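Position 1 is the first residue of the sequence, and the numbers go up from there. Order of listing sets the numbers, starting from 1, for every ligand and every atom in it. Keep in mind it's a predicted model, so treat the numbers as computed, not measured.
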Amino acid sequence: MAEFIGSIDQGTTSSRFLIFNKAGEPVASHQEEFSQIYPQPGWHEHDPEEIVSSVHNCIEGAIETFKKDGNSIDSIKAIGITNQRETTVVWDIESGEALYNAIVWTDTRSQAIVKELKSRKGADELMQKCGLPLSTYPSVTKLLWLLKNEPKVKEAYKKGTLAFGTIDAWLVYKLNGHEKRVFVSDPTNASRTMFMDIHTLKYNPELIAFFGDDEFDLSNIHMPEIVKSSCEKAYGTIASGVLSGFKLAGCLGDQSAALVGQKGFDAGSAKNTYGTGSFILYNTGSKPVISTHGLLTTVAYDFDGTPSYALEGSIAVAGSGVKFLMNNLGFSFDSSKITELAGTVENNGGLVFVTAFSGLFAPYWITDTQGTIFGITQHTQRGHIARATLEAVCYQTKAVLDAMEKDSGHPLQELKVDGGMSNSELCMQIQADILAENKIPIVRPKMRETTALGAAIAAGFAAGVWKNFDELKEINTSGQTVFEAKMDPKDSTKMVKRWERAVNMCRGWLADDE
Ligand SMILES: Nc1ncnc2c1ncn2[C@@H]1O[C@H](COP(=O)(O)OP(=O)(O)O)[C@@H](O)[C@H]1O
Ligand SMILES: O=P(O)(O)OC[C@H](O)CO
């Protein structure tokens with residue numbers, strides 16, 4: 001009988017469920033967008049219950065197609081989970097009820113907390129221990145904001161019933177049903193909290209103590225047990241719906257999942273996923289490399305207790321810039337039309353859009369700024385703004401790749417790409433052009449659901465559908481598109497210099513009390 005693997009992909013803007021065959025081809029899928037809640041400038045929330053119900057809906061939708069095509073659900077051997085990382089959920093371990101909306105990774109409300117933490121003794125050593133710099137991005141600062149500002153959260157802390165988790169932990173907990181109390185997280189997700197020691201893949205009491213204070217001892221909060229990314233027993237089974245009783249057997253944060261789905265298993269291979277944000281992961285093998293050039297150190301995957309690590313360049317705004325032009329400025333109703341609009345002009349017309357909606361992440365880490373457009377004249381058209389929005393991601397990608405080259409000492413051979421925005425041919429060509437001096441080809445696979453594929457691989461290893469990396473070799477290899485630079489490197493270098501000038505000019509826009 002044919003064997004299939006299910007994959008839950010819980011992203012920042014939508015949830016999906018895909019079913020893959022052993023050749024790594026998706027045979028059925030369903031996708032659902034959910035609400036983006038922006039209560040104040042800089043705040044970004046999701047409803048945790050809506051996230052769970054969107055996942056259930058996607059499972060039901062994909063299974064309907066799967067069955068209609070004559071397949072039996074008994075041929076689904078296991079289910080993997082991949083998810084937006086850092087996004088923070090707090091719930092009461094006694095009731096299983098969420099105590100606040102999920103605070104999304106893009107949210108910058110914890111800026112004052114970050115500033116205070118940076119002044120504490122030991123702040124300089126955090127990076128060596130957990131691989132992340134102090135910023136509003138990791139989960140810990142969101143948790144601290146909730147403890148300090150939300151009475152229900154404080155109350156649960158005092159009662160000793162406060163549970164904290166990233167989206168993977170919340171989903172596994174809810175899919176299993178509250179009664180079973182399956183409370184786990186994998187190292188690729190746990191490494192994004194700042195509580196996990198990047199060297200041991202365990203919670204580090206020194207890190208937990210660093211973030212506490214006289215009022216809050218964080219060791220009193222229930223945190224998920226960290227288990228391998230691929231594991232038949234730890235993740236439990238789905239408790240309700242059409243896949244009730246089916247095993248959850250793998251879990252990876254979405255950016256790690258994309259690296260796995262792109263089969264970036266060799267040290268030196270790298271991918272960029274252009275989704276809501278854009279995330280470049282560079283496999284550094286079995287040793288964590290701590291960046292001295294503004295990158296993060298993260299766990300790439302841990303299938304069998306011998307983890308692989310990656311250097312990461314996190315860019316906060318990619319597709320969300322496209323969505324901003326659509327939803328806030330009314331430029332179009334469809335993402336692909338933004339690309340068309342950008343194609344109506346030959347160049348950016350002198351415009352640089354620093355899309356710093358959450359400040360600028362890697363490799364800059366600038367917090368005292370906001371989105372800024374430079375170079376507007378009477379000549380400026382909507383097409384120029386659309387083009388500058390696409391270019392912003394590509395400039396930041398170049399800055400990250402240059403930092404990776406410095407940290408690793410090796411130039412990158414090729415950049416594998418995926419994610420919603422990689423559907424834009426124009427954007428991928430701009431990317432290749434902006435990298436003209438680096439001569440890095442952009443390689444886009446035909447099947448671009450690589451994040452979901454990565455989670456399916458994690459679950460498939462646990463269920464014995466695949467046994468080793470060699471068996472994955474042929475998956476998703478045909479029909480790739482390669483984008484090479486067409487621009488003269490002298491011209492792209494000029495563009496990059498203008499971008500760097502714009503980045504420097506936007507520093508310091510936000511005053512201390514803003
Ligand atoms: N043709 C396109 N051109 C530009 N952006 C696109 C295109 N298609 C999709 N996108 C953008 O990609 C993003 C969705 O990508 P996806 O990988 O699904 O993100 P996520 O996993 O973060 O939810 C959206 O922000 C959307 O605007
Ligand atoms: O939703 P994405 O694909 O932009 O990914 C979100 C990241 O995991 C945040 O770190």
Ligand 1 N/O within reach of Met326 N/O, cut-off under 3.5 Å: no

Charged N-O contact under 4.0 Å between Lys323 and Glu33: yes

Protein contact to atom 18 (O) of ligand 1 [nearest heavy atom, distance to 0.1 Å]: Arg16 NH2, 2.3 Å

Residue selection (non-hydrogen contact nearest atom 26 (C) of ligand 1) among Ser335, Ala452, Ser336: Ser335

Non-hydrogen atom of Gly277 closer than 4.0 Å to ligand 2: yes

Part of Ser320 within contact of ligand 1 (heavy atoms, under 4.0 Å): backbone

Nearest neighbour in protein (non-hydrogen) for atom 3 (N) of ligand 1: Thr339 OG1, 3.1 Å

For atom 9 (C) of ligand 2, closest protein heavy-atom neighbour: Glu86 OE1, 3.2 Å

Asn272 side chain vs Phe279 backbone, donor-acceptor pair below 3.5 Å: yes

Protein contact of atom 5 (O) of ligand 2 - nearest heavy atom, named by residue and atom, plus distance: Asp254 OD2, 2.8 Å

Ion pair check, Asp402 and Lys406, cut-off under 4.0 Å: no

Phe164 and Phe195: CA distance, side-chain angles, deciding distance, ring-ring contact (aromatic ring centres under 6.0 Å, His included) verdict: CA-CA 12 Å; Phe164 147 82; Phe195 292 136; 5.8 Å; yes

Heavy-atom nearest neighbour in the protein, as seen from atom 1 (O) of ligand 2, with distance rounded to 0.1 Å: Thr12 OG1, 2.4 Å

Contact check, Thr12 vs ligand 1, heavy-atom distance below 4.0 Å: yes

Thr108 side chain to Gln111 backbone, donor-acceptor under 3.5 Å: no

Those atoms of ligand 1 less than 4.0 Å from some heavy atom in Gly319: 25 (O), 27 (O)

Ligand-side contact atoms (ligand 2) for residue partner Tyr137, heavy atom cut-off under 4.0 Å: 9 (C), 10 (O)

Donor-acceptor pair, side chain of Asp197 and main chain of Lys202, under 3.5 angstrom: no

Atoms of ligand 2, numbered as shown, that sit under 4.0 Å from any heavy atom of Trp105: 4 (O), 6 (C), 9 (C)

Region of Val322 that comes within reach of ligand 1 [heavy atoms, distance under 4.0 Å]: side chain

Contact atoms of ligand 1, heavy-atom distance to Gly419 under 4.0 Å: 17 (O)

Arg192 with Glu312: basic N within carboxylate O range, under 4.0 Å: yes

salt_bridge(Lys486, Asp433) N-O dist < 4.0 Å: no

Option nearest atom 5 (N) of ligand 1 (shortest heavy-atom distance, choices Gln255, Met421, Lys323): Met421

Location of contacts on Gln10 toward ligand 1, heavy atoms closer than 4.0 Å: neither

Any side-chain heavy-atom pair of Ile198 and Val299 under 4.5 Å: yes

Cys394 backbone acceptor or donor facing Tyr274 side chain under 3.5 Å: no

Within-cut-off N or O pair, Asn83 and ligand 2, under 3.5 Å: no

Short side-chain donor-acceptor distance under 3.5 Å, Ser229 and Asp302: no

Shortest protein heavy-atom distance from atom 20 (P) of ligand 1, along with the residue and atom involved: Thr276 OG1, 3.5 Å

Sub-3.5 Å N/O-N/O distance, Thr13 and ligand 1: yes

Gly420-ligand 1 polar pair, N/O distance under 3.5 Å: yes

Heavy-atom pair with the smallest gap, counting every atom of Pro224 and Tyr203: O-OH, 2.7 Å

Close aromatic pair by centroid cut-off 6.0 Å: Phe66 and Phe17: no

